[in-house]
Amino acid sequence: MTTVHRWTGRETRALRQALRMSIRDFSAHLGVAERTVSKWEAGQETVRPRPEMQAALDTVLGTSADDARSRFDSALAAVDGQPKAVLMPSADPLGGLTAVYQSRCDLTAAMPADQLLDGARVVRAVGLSLNLLCQDYADRRWHELLGRDARVCCLFLEPNGASIQAREREEGFPSGQLSALTKLNIETLLRIRDRLPVSQREHLELGTYDETLRFNIMLVDDLCVAQPYLTASRGVDSPALVMHRGTPGAGLYPVFEQVFESQWQGRRAL
């Protein structure tokens with residue numbers, strides 16, 4: 001039987017981070033207003049979850065990050081009086097899709113880089129310049145993440161290749177502009193790797209590829225963020241899809257994971 005207790009702001013934040021959900025998604029999943037969750041997290045004395053919400057939260061508290069999401073869904077279904085069984089990803093008509101943002105700006109406003117990456121175990125990314133990883137995540141955080149034995153694989157579009165030149169023409173940039181940005185970002189991560197202890201440098205693997213640019217993909221443990229590259233539009237203006245891993249081989253997560261792995265296999269290591 002669940003022991004109901006006063007849920008603290010720290011616990012609320014910890015659960016949301018374990019589920020890798022923005023405050024907007026988290027509040028929508030609970031069926032409460034964003035400002036209410038914000039007040040819970042702030043620990044305001046006069047704002048407490050209703051008993052049934054508190055019981056649902058308590059049910060999840062203490063579970064591992066791997067099964068927290070399914071336990072959370074089960075608890076909410078029970079609170080709502082719905083069947084306790086949760087649809088398996090194979091029966092999910094959205095294939096594990098949990099959020100869609102109109103642009104990368106909307107994505108990063110709801111899910112900043114530190115929320116996405118802090119505490120991650122495995123990070124894999126492929127795209128053009130990987131600005132979110134290289135420009136939005138501080139060196140100090142990279143050292144902390146890699147110091148905890150996280151594994152990171154970053155794949156950039158080859159800055160001297162034909163594909164990046166084609167993308168510059170497509171986006172209307174002067175020749176060499178995207179190439180210069182990509183070189184800068186590569187050098188940023190190379191510098192971070194060079195400053196790691198020798199025993200930790202293998203935790204950060206970098207590479208380049210020279211293929212037609214189709215997706216920016218970031219896989220962070222069981223979460224995937226994918227953006228298509230659209231004609232005549234910058235990557236920052238593309239919609240962002242957020243999805244979670246479900247049953248092996250089911251849903252959208254393994255589709256984008258396979259795209260990353262196929263391009264990683266043909267990389268030029270840096």
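Nothing here was measured: the structure is a model prediction, and the numbers come from that model. Note that these values count all heavy atoms, side chains included, but never hydrogens, waters or copies made by symmetry. In this chain, numbering begins with 1 at the start of the sequence shown.
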- prompt: Do Leu181 and Asn185 pass the side chain to side chain contact (heavy atoms under 4.5 Å, CB included) test, and can you show the C-alpha distance, the side-chain angles, and the key distance before you say yes or no?
  reply: CA-CA 6 Å; Leu181 175 60; Asn185 286 350; 4.2 Å; yes

- prompt: Does a side-chain heavy-atom distance below 4.5 Å link Thr208 with Pro159?
  reply: yes

message: Strictly distance-based, threshold 3.5 Å: is any side-chain N or O of Ser238 a donor or acceptor partner for the main-chain N or O of Tyr229?
response: no

query: Do you know which two heavy atoms are closest between Leu133 and Cys154, and how far apart they sit?
result: CD1-SG, 3.8 Å

- request: Measure the OH-OG1 distance between Tyr137 and Thr188 for me, rounded to the nearest 0.5 Å.
  value: 15.0 Å

query: Atom CG in Leu130, atom CG in Asp136: separation rounded to 0.5 Å?
result: 11.5 Å

task: Assess whether atom CZ of Arg141 is packed by more than 12 heavy atoms of other residues, nucleotides or ligands within 6.0 Å.
output: yes

field: Shared hydrophobic cluster for Val126 and Leu184 (ILVMFWY, side-chain gaps under 4.5 Å)
entry: no

Glu202/Arg151 under side chain to side chain contact (heavy atoms under 4.5 Å, CB included): CA gap, chis, key distance, verdict: CA-CA 8 Å; Glu202 64 180 13; Arg151 300 286 172 168; 4.0 Å; yes

message: Would you compute the distance between atom CG of Leu94 and atom NE2 of His244 and round it to the nearest 0.5 angstrom?
response: 13.5 Å

field: Residue pair Leu157 / Tyr209, side-chain heavy-atom distance below 4.5 Å
entry: yes

message: So Leu145 and His203, do their side chains get closer than 4.5 Å, heavy atoms only?
response: no

task: Taking Tyr101 for its side chain and Ala110 for its backbone only, find out whether a donor-acceptor pair lies under 3.5 Å.
output: no

query: Taking C-beta and beyond as the side chain, do Pro239 and Leu230 meet within less than 4.5 Å on heavy atoms?
result: yes

- prompt: CZ/Arg201 to CZ/Arg195 distance, rounded to the nearest 0.5 angstrom?
  reply: 11.5 Å

- prompt: Backbone N or O of Trp264 within a donor-acceptor pair of the Arg267 side chain at under 3.5 Å?
  reply: yes

query: When rounded to the nearest 0.5 angstrom, what distance separates CG in Asp221 from CG in Leu219?
result: 10.0 Å

task: Flag the pair Glu187 and Lys183 as a salt bridge only when some basic side-chain nitrogen lies within less than 4.0 angstrom of an acidic carboxylate oxygen.
output: no

Step-by-step side chain to side chain contact (heavy atoms under 4.5 Å, CB included) determination, Leu223 to Leu116: CA-CA 9 Å; Leu223 177 143; Leu116 282 169; 3.9 Å; yes

- prompt: Quick one: do Arg268 and Asp210 make a salt bridge, cutoff under 4.0 Å?
  reply: no

- request: For the pair Gln177 (side chain) and Glu168 (backbone), establish whether a donor and an acceptor sit closer than 3.5 Å, ignoring hydrogens and angles.
  value: no

query: Would you say the side-chain atoms of Glu211 pair up with the backbone N or O of Ser163, donor to acceptor, closer than 3.5 Å?
result: no

CD (Gln102) with more than 12 external heavy atoms under 6.0 Å: no

- request: Could you walk me through whether Leu117 and Val220 pass the side chain to side chain contact (heavy atoms under 4.5 Å, CB included) test, one step at a time?
  value: CA-CA 7 Å; Leu117 298 173; Val220 184; 4.1 Å; yes

message: Taking Leu204 as the starting point, is it possible to reach Val122 by hopping between hydrophobic residues whose side chains are less than 4.5 Å apart?
response: no

message: If hydrophobic clusters are built by linking Ile, Leu, Val, Met, Phe, Trp and Tyr wherever their side-chain heavy atoms come under 4.5 Å apart, do Phe260 and Val255 end up in the same one?
response: no

- request: Decide yes or no for Ile192 and His143: does some side-chain heavy atom of the first lie under 4.5 Å from some side-chain heavy atom of the second?
  value: yes

query: Does the side chain of Arg121 reach to within under 4.5 Å of the side chain of Arg148, using non-hydrogen atoms?
result: no

task: Grab the two heavy atoms, one from Phe215 and one from Pro228, that are nearest each other, plus how far apart they are.
output: CD2-CA, 3.7 Å

- request: State, yes or no, whether a side-chain contact exists between Arg104 and Arg234 at a heavy-atom distance under 4.5 Å.
  value: no

message: Measuring from atom CG of Asn160 to atom CD of Gln165, what distance do you get when rounded to the nearest 0.5 angstrom?
response: 8.5 Å

query: Do the non-hydrogen side-chain atoms of Trp142 and Leu189 ever get within less than 4.5 Å of each other?
result: yes

